[in-house]
Chemist: 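Structure incoming, see below.
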Amino acid sequence: MLSRDGDPPEAGLTPAPAEGLNGPQAEAAAHVDGPMVVFAGAGSGKTRVITYRIANLLAACRVPPYRILAVTFTNKAAGEMKRRLERICGPELVRDLWVGTFHATCARLLRRHHEAAGLGKNFIVYDDDDQRAVMSRVFKELKIDDKRHPMRLVMGRIHREKQDGLLAADFTPGNPTEEVVARCFSEYERRLADANAVDFDDLLIRVLRIVEDERSAAGEELRKKFLHVLVDEFQDVNQVQYRLVRGLSRRSTNLFVVGDDDQSIYRWRGADVRIVRNFRRDHPGARIVKLEENYRSTSSVVTAALGVIRPATDREPKELWTNNPPGEPVAVVACATERDEAAFVAERVRELVDQGVSPADVAIFYRVHAQSRVLEEVLRSERLPFQVIGGVRFFERAEVKDLVSYLRVITNPRSDVDLLRIINVPSRKIGDTTVEKLAGLAAELKVPLFEALEPLVRSDRVGPQPKKALARLHALLSDLMTAADTAGPRDLAERVLDETGYARMLEAEGTDEAEGRLLNLRELLGSIEEYERETLAAAEVPTLAGYLEKVALVAVTDELKDAPKVAMMTVHAAKGLEFSHVFLTGMEEDMFPFRSMDPARSGDVEEERRLAYVAITRARARLWIFHAERRMVFGATKYGMPSRFLADLPKEVVTQQKTETMRSSQGRFIDRDGWGAKRPEASQGAPRLSWSHPQARTGGGLERPRLAAPSSERTPGERFIERDDDAPRAASLRRPAPVDVPAPRGLGPGSQVEHPSFGMGVVLEVDGSPDPTATVKFSGWSTKRIKVRFLEVVHQR
DNA sequence: GAATGGCCCGGCTGC
DNA sequence: CGGGCCATTC
């Protein structure tokens, strides 16, 4: 259960056993040898099982924490699991556990083994945006016509290859289009390598390649490192992730996975349900446990969920049940428009809040982000506090990315896309022409753009004005790089804002928009500060690289704050969460199940069905499901009939309702029953377009002031940054071990030291030899014996 | 070299 | 409907 801390059990519901676990749960937590798969139905307490299993491994089996790896689906889930474990086992043991997402875990392992992966130490992680920027440079250089070969298709293809663990060298083109893909693929790879950067897929593939390399010493270390590997949400792993955990657990054979094939909703990004279904086949002798009792929801909700999932084909046989009382029926609400829908939602939320329900116990789900806008507008006008998860994400905002790019250039000057991003922001009179000349020279010299700056200034290829501008930029960045050696991440960020003139540029603008951007930057500084605090609290050294890594890997759900606000998110983002009151909007054919315009990407109705199941099972006590007669989709009015999934809801647990608007307009497109309605024929057309309701108006007076005063943009609804308890423990990057400095005298037990590969550690003992060796306990690693001269002393005892 | 306005095209879910 | 790209203009 990933609910917020301290959630009280709903009135009338049986809480999960307070102490100990029920039969199957206990079995899953206790049998600690060999492979094991747990089929855990929604709300059956799987997080609890994993948590207790780890506690058991630590306390009863005395497994060293740094030899346990637990892979979670989000950073937030990792943080919550750690917090729960701390309460059971105490912070000492928990600190050294490896708990994190696939990506965060791989990033951390890759810091240690960057050499085996052919990466520089301070490699950075490129997000989608960066990947696109790189690829558009590739297209330019290879002179590929974006019309004939749309970039997103090329990138999509490469992405799919990489999800199967394949790189450019493994790709054999079979047709002219693939020919183009192949060329882009290798050029893209080359550019990332030159930039000392990896993308999300690389993060996993690089580690996988090391793990699967029989001859590599690093591979051997990784294969031996973990005595226990546990994976949550196993139904959503892809082939690369599966091979990874197989490799990491091959020696120990202690691979423990928990999943629910009914909740597999990420096939579109490479997840493969067959992996969990075939687990037994792939692991002969694997123990199987099924958790089928739902502790979370009322029986009405469970019954509704079962109705939706039962028609699904090809499921692992299992039967979810609950002892909980029926509670309130599920309300299915017919609405006229999306605005009508939003108004009804807001009204109900208002009632709940007035009755004393915390807004934090309420969530609004939708299939696609685009649906959130109207809901936001109405909730804002009702002064209901809310937070939108995902959508235009904080770290994707231009100003935030700008500052992050500055910081990345400073840690890793080889990153061309970052330099290009900020080369003329704020305006320095370095335009396209100059940039192209710089790129040309860099290509000739075979150096990164940054290193071509000085040569270009010395050359006579550019005029005196650009020369001056380029020289100034070079001096500015060099200064900041020097400053990075001593200043902490937060101070450095502040200096960047100040010395680059970025802050001044925004202040000078004086618009509300600029004001908002400044506010976001301040928030970014706040997040760096928080990172510093958390890292120090964990007795580690905050580094810019550590922060940047964290930034790159925040997941949407990590953004959910513990705040008394209604949470609004896509159903995908809702996975793993639970709320006492849930509003599920947009349950119409073509919307949910979603149907893409592009027949090539026509969705998978089975997956949509599972998605609906996930949505329903998030609700503990009350669930409302909405469908609207018509809805504005991409600027055009679309008429939708109720989703087929509504017809699968058992009638006995459902009440049907209509909004006020629907009642007054006699629900003209919905038959009396509410479902099985026909899509209105075009011939019925004319009157419905002229039909007008004050709320149905588009364009008049209800527009949201998009760039309006930032304060009103942020409250009561706000988009914000993550608060993540799982700070990565990256080694210091800009401080090489002081090889020629004599070992500090008096370095005794208890001293805090830092090592470039292993990160922070505590000295247990030091021998008295002329070139002393220290025994050091590193967080996340076993105790190591290391020459003192390779250690940097952080705190001397 | 920068700023502005028009136009086209995509149009989901996300680490 | 909205973002990104291009052409035009200062």
Side-chain angles (χ1 to χ4, degrees), chain A residues 71-75 100-107 125-129 131-133 136 146-147 150-153 159 162-163 198-204 233 236-238 240-241 264-271 365-374 389-393 395-396 398 424-436 462-463 465-466 469 549-559 569-575 586 590-598 601-604 607-608 610-611 614-615 631-638 698-699 703-704 706 722:
Chain A
V71 183
T72 56
F73 203 68
T74 64
N75 298 300
T101 62
F102 272 106
H103 289 89
T105 302
C106 286
V125 181
Y126 278 172
D127 66 14
D128 309 357
D129 235 31
Q131 291 170 38
R132 221 168 301 130
S136 77
D146 189 71
K147 291 274 181 298
M151 200 166 84
R152 43 174 285 270
L153 293 186
H159 183 47
K162 293 176 100 166
Q163 277 174 341
V198 291
D199 64 21
F200 292 130
D201 298 322
D202 290 334
L203 227 33
L204 307 189
E233 306 283 7
D236 282 322
V237 301
N238 63 31
V240 170
Q241 293 166 336
S264 163
I265 57 174
Y266 281 104
R267 210 173 82 144
W268 53 274
R269 67 173 207 210
F365 300 155
Y366 33 78
R367 178 63 180 79
V368 300
H369 285 300
Q371 289 168 256
S372 79
R373 224 193 77 206
V374 178
I389 314 302
V392 184
R393 297 179 53 190
F395 283 105
E396 286 163 9
N424 202 30
V425 185
S427 171
R428 311 189 162 87
K429 313 258 177 215
I430 301 174
D432 293 345
T433 333
T434 311
V435 169
E436 284 316 313
V462 289
Q465 294 302 327
E549 182 174 300
K550 202 173 109 102
V551 164
L553 300 177
V554 281
V556 255
T557 19
D558 296 338
E559 297 177 355
M569 67 190 87
T570 64
V571 180
H572 281 94
K575 191 174 81 155
D590 294 356
M591 199 70 190
F592 199 165
F594 188 87
R595 196 173 55 128
S596 172
M597 302 283 109
D598 180 357
R601 311 201 314 154
S602 67
D604 173 349
E607 180 144 314
E608 297 288 318
R610 295 190 294 265
L611 193 57
V614 168
R631 179 183 296 277
M632 291 282 276
V633 182
F634 299 116
T637 301
K638 290 274 195 295
T698 54
E703 298 302 303
R704 178 164 62 148
R706 257 261 160 234
E722 96 291 4

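The chains referred to below are lettered A, B, ... by the order of the sequence lines, with proteins before strands, and numbering in each begins at 1.
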Chemist: At less than 3.5 Å, do the side-chain atoms of A:Arg269 and the base atoms of B:dT13 form a donor-acceptor pair?
Modeler: no

Chemist: When you check the phosphate oxygens OP1 and OP2 of C:dG2, does a side-chain N or O of A:Arg373 lie under 4.0 Å from one of them?
Modeler: yes

Chemist: Applying salt bridge (charged side-chain N to carboxylate O under 4.0 Å, His left out), name anything that partners A:Arg428, two or more places apart in sequence or on another chain.
Modeler: none

Chemist: Of the options A:Asp127, A:Leu203, A:Thr101, which is the one that meets A:Leu553 in a side chain to side chain contact (heavy atoms under 4.5 Å, CB included)?
Modeler: A:Leu203

Chemist: Using the P atom as the reference point in each nucleotide, state the distance between B:dT13 and C:dG4 in Å, no decimals.
Modeler: 15 Å

Chemist: I'd like to check, for A:Trp268, whether its ring lies over the base of B:dT13 with centroids under 5.5 Å apart and a plane angle smaller than 30°.
Modeler: yes

Chemist: Let's see if you can work this out: which of B:dC15, B:dG14, B:dC12 has an atom nearest to the side-chain heavy atoms of A:Thr101?
Modeler: B:dC15

Chemist: Given atom CG of A:Asp129 and atom P of B:dG14, what is their separation to the nearest angstrom?
Modeler: 15 Å

Chemist: Please tabulate, one pair per line, each protein N/O and nucleotide N/O from nucleotides 1-4 of chain B that are separated by under 3.5 Å, including the distance.
Modeler:
residue, atom, partner, partner atom, Å
B:dG1, OP1, A:Thr434, OG1, 2.8
B:dG1, OP2, A:Thr433, OG1, 2.2
B:dA2, OP1, A:Asn424, ND2, 3.1
B:dA2, OP1, A:Ser427, OG, 3.0
B:dA2, OP1, A:Lys429, N, 3.4
B:dA2, OP2, A:Asn424, ND2, 3.0

Chemist: Got a sec, which residues hit side-chain hydrogen bond (donor to acceptor under 3.5 Å, both in side chains) with A:Asp129, two or more places apart in sequence or on another chain?
Modeler: A:Arg132

Chemist: Whole angstrom is fine here: how far is it from CG in A:Asp128 over to P in B:dT13?
Modeler: 12 Å

Chemist: Does NZ in A:Lys429 sit with more than 12 non-hydrogen atoms of other residues, nucleotides or ligands closer than 6.0 Å?
Modeler: no

Chemist: With a 4.0 Å cutoff (strictly under), does any side-chain N or O of A:Arg152 reach OP1 or OP2 of B:dG11?
Modeler: yes

Chemist: My understanding is that only residues two or more places apart in sequence, or in another chain, count here; which of them pass side-chain hydrogen bond (donor to acceptor under 3.5 Å, both in side chains) with A:His103?
Modeler: none

Chemist: Check the phosphate of B:dC12 against A:Arg267, side-chain N and O only, distance under 4.0 Å to OP1 or OP2. Yes or no?
Modeler: no

Chemist: How long is the line joining NE2 of A:His369 and C1' of C:dG2, in whole Å?
Modeler: 16 Å

Chemist: Mapping A:Gln163 and A:Lys147 to their closest nucleotides on DNA chain B, which lands nearer the 5' end?
Modeler: A:Lys147

Chemist: In whole Å, I'd like the distance from the CE atom of A:Met151 to the C1' atom of B:dG10.
Modeler: 14 Å

Chemist: B:dC15 base to A:Asp201 side chain: any donor-acceptor pair below 3.5 Å?
Modeler: no

Chemist: Without decimals, in angstroms, what is the distance between A:Leu204 CG and B:dG14 C1'?
Modeler: 13 Å

Chemist: Evaluate the side-chain proximity of A:Val556 to A:Met569: yes if any heavy-atom separation is below 4.5 Å, no if none is.
Modeler: no

Chemist: Nearest to the side chain of A:Phe634, heavy atoms from C-beta on, is which of C:dC1, B:dG11, B:dC15?
Modeler: B:dG11

Chemist: Rounded to the Å, how far apart are A:Gln131 CD and B:dC15 P?
Modeler: 13 Å

Chemist: Among residues at least two apart in sequence or on other chains, which ones pass side-chain hydrogen bond (donor to acceptor under 3.5 Å, both in side chains) with A:Tyr126?
Modeler: A:Ser415

Chemist: What is the distance from NE2 of A:His159 to C1' of B:dC15, rounded to the nearest Å?
Modeler: 8 Å

Chemist: Among all residues two or more places apart in sequence or in another chain, which pass the salt bridge (charged side-chain N to carboxylate O under 4.0 Å, His left out) test with A:Glu436?
Modeler: A:Arg137, A:Lys140

Chemist: Rounding to an integer number of Å, can you tell me how far A:Asp604 CG sits from B:dC12 C1'?
Modeler: 14 Å

